[in-house]
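Taking it in order: structure first as structure tokens, then the write-up.
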Protein chains: 2
Amino acid sequence: MPGTKASESTRREQILSAAYAVAARRGLQGTRIQEVAEHAGVSHGLVLFYFKSKRGLLLALLDWLLATTTVLHVGRDIIRLRSPAARLQALLRQEMNRLSNEPVRIRLTFDFWTAGIRDAEIRLKMQQELQRYRDAFRPLATSVLAGDPVQFRGVTADGLAAVSVSVIKGCAVQAMIDPEHFDIRQFLAATESLMALMLRPAAA
Amino acid sequence: MPGTKASESTRREQILSAAYAVAARRGLQGTRIQEVAEHAGVSHGLVLFYFKSKRGLLLALLDWLLATTTVLHVGRDIIRLRSPAARLQALLRQEMNRLSNEPVRIRLTFDFWTAGIRDAEIRLKMQQELQRYRDAFRPLATSVLAGDPVQFRGVTADGLAAVSVSVIKGCAVQAMIDPEHFDIRQFLAATESLMALMLRPAAA
DNA sequence: TTGCGTATTGATTGACGAGTCAATAGCTTC
DNA sequence: GAAGCTATTGACTCGTCAATCAATACGCAA
């Protein structure tokens with residue numbers, strides 16, 4: 001009764017992409033191996049053959065999710081921008097675009113955050129991701145701080161990076177839960193004004 | 001075999017508070033009626049007698065959670081503060097204190113956010129809560145905008161309120177998932193500097 | 001072509017947990 | 001103290017789903 005065979009990497013990919021679709025629809029806990037298997041066109045036994053347990057599947061899915069997420073790529077076009085605040089701004093804008101363009105991915109990530117509350121292994125991976133996120137912001141934050149040492153006395157680059165990340169993640173939360181009353185454009189306009197404030201030279 | 005009886009409101013309270021404890025530990029999906037019952041010292045049949053289903057219990061828990069959450073109380077001490085930005089600042093600080101002092105509550109709220117992704121009834125309640133949150137910030141935001149119409153051209157009070165909420169919620173996310181690398185003090189220092197920027201009169 | 005190794009299947013098991021319900025004990029009323 | 005109401009119980013049913021495993025067909029090597 002076995003069907004046609006395929007290479008291991010093909011099968012894993014196939015199953016993971018099915019798991020992605022199912023988990024997006026049903027949530028992590030609500031993901032049934034049966035449904036993933038159907039979606040991938042294989043038997044549920046095969047899913048367990050490759051990933052050994054549901055937990056194994058979900059952990060692999062998380063790795064896959066993080067690996068296929070364009071990790072906050074500070075592209076050349078952004079680096080080219082002269083002012084640090086302008087770069088920070090471009091980064092924010094880029095990330096917020098992701099929010100509208102990849103809602104499914106964001107939703108899943110969200111789900112993994114929650115799972116991470118109780119599962120140490122998941123939490124570790126999410127911590128690393130947050131850290132990468134903050135790290136990506138830090139050099140920019142450093143430049144901004146250097147631009148106005150007086151105003152930013154006592155503020156660390158880490159602190160400012162964390163705030164930047166907060167704005168993004170907080171935006172994600174609102175956009176996800178309350179898309180109707182949450183206007184991304186207004187949000188962007190407000191953040192950009194705040195950026196501009198950081199740019200503005202200190203009043204002599 | 002029935003045990004001693006109690007008033008309906010007592011029992012509901014008793015069960016809900018047990019559900020709170022259990023849900024905090026196990027997560028919403030992981031909450032078993034059996035465990036809630038044991039924790040409340042009643043039979044699991046009674047839990048269903050009062051709440052009719054697991055879903056009913058969780059929805060009631062959500063109501064209870066929102067009702068017992070000090071809803072962003074803009075206290076007298078805050079209102080008394082002269083400058084709007086100072087009030088905004090005080091509000092932010094107050095909310096961030098909640099993050100450290102009531103981690104359990106925050107974790108549960110987080111869980112409900114995730115549940116709200118797939119459950120319309122839960123989502124609605126969470127939307128209302130976000131809306132209340134933004135509403136509480138709006139008057140302050142309005143004042144801030146009025147203070148520097150040039151700088152904030154094109155920025156709406158809603159937008160600025162949404163950013164404020166983002167900062168809080170994003171802070172919650174990071175504090176929850178990565179408490180080790182997330183330094184609330186640095187975070188506060190950074191936000192306060194940003195607040196100060198908004199206060200600063202435009203350079204002539 | 002034959003034979004071997006393994007990827008694949010699907011029937012099966014076992015556990016768990018939500019929801020039902022008839023029996024019953026506690027409270028209230030007269 | 002009797003009767004009636006209902007809150008409370010716990011045994012039960014039913015469905016679901018993860019995980020196991022023996023059987024089997026496919027692909028490959030000789």
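In the text below, chain A, chain B and the rest are named by the order of the sequence lines, each starting its count at 1.
Among pairs with a residue in residues 170-191 of chain A, those fulfilling salt bridge (Lys or Arg N to Asp or Glu O under 4.0 Å) read A:Asp178-B:Arg134, at least two apart in sequence or across chains. Residue pairs satisfying the salt bridge (Lys or Arg N to Asp or Glu O under 4.0 Å) criterion with at least one member in residues 50-70 of chain A, sequence neighbours excluded, are listed as follows: A:Arg55-A:Asp119, A:Arg55-A:Glu121, A:Asp63-A:Lys125.
Looking only at side-chain heavy atoms (C-beta outward), B:Leu194 and A:Leu194 stay at 4.5 Å or farther from each other.
As a whole-Å value, the separation of B:Gln34 CD from D:dC12 P is 15 Å. What separates CZ of A:Arg11 from C1' of C:dA7 is a distance of 8 Å, to the nearest Å. Rounded to an integer number of Å, the gap from A:Lys52 NZ to C:dT8 P is 19 Å. One interatomic measurement links the two molecules: CG of B:Leu58 to C1' of C:dA18, which rounds to 12 Å at whole-angstrom precision. Whole-Å rounding puts the A:Phe51 CZ to D:dC17 P distance at 20 Å. If you take CZ of B:Phe49 and C1' of C:dT24, they are 14 Å apart, rounded to a whole angstrom. A:Leu46 places its CG atom 15 Å from the P atom of C:dT6, with the value rounded to the nearest Å.
Heavy atoms from other residues, nucleotides or ligands lying under 6.0 Å from CZ of A:Arg93 number 12 at most.
Taking side-chain N and O atoms only, B:Tyr50 has a distance below 4.0 Å to OP1 or OP2 of D:dT8.
The 5' end of DNA chain C is approached more closely, in terms of each residue's nearest nucleotide, by B:Leu48 than by the other of B:Thr4 and B:Leu48.
The nearest pair of heavy atoms linking A:Val167 to B:Val167 is CG2-CG2, 4.0 Å.
Residues B:Thr68 and B:Arg105 bring a donor and an acceptor atom of their side chains to less than 3.5 Å of each other.
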Less than 3.5 Å apart, which donor and acceptor atoms pair up between the side chains of residues 34-43 of chain A and the rest of the protein, not counting sequence neighbours?
residue : atom : partner : partner atom : Å
A:Glu35 : OE1  : A:Arg26 : NE           : 3.0
A:Glu35 : OE1  : A:Arg32 : NH2          : 3.1
A:Glu35 : OE2  : A:Arg26 : NE           : 3.1
A:Glu35 : OE2  : A:Arg26 : NH2          : 3.2
A:Ser43 : OG   : A:Leu46 : N            : 3.3

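Fit an axis to the five pairs at each end of the helix from C:dT1-D:dA30 to C:dC30-D:dG1 and the two axes sit 10° apart, to the nearest 10 degrees.
Donor-acceptor pairing under 3.5 Å, judged by distance alone, is present between the side chain of A:His44 and the base of D:dA19.
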Could you list all N or O pairs between the protein and nucleotides 15-17 of chain C that sit under 3.5 Å apart?
residue : atom : partner : partner atom : Å
C:dG17  : OP1  : B:Arg32 : NE           : 3.1

Inset, instruction - Applying side-chain contact (heavy atoms from CB on, under 4.5 Å), run through B:Thr114 and A:Trp113 and close with a yes or a no. - result: CA-CA 9 Å; B:Thr114 305; A:Trp113 282 345; over 6 Å; no

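Of the listed nucleotides (D:dT9, C:dT8, D:dT8), D:dT9 has the atom at the smallest distance from the side chain of B:Val42.
Partners of B:Tyr20 under the ring-ring contact (aromatic ring centres under 6.0 Å, His included) rule, at least two apart in sequence or in another chain, are B:Trp64.
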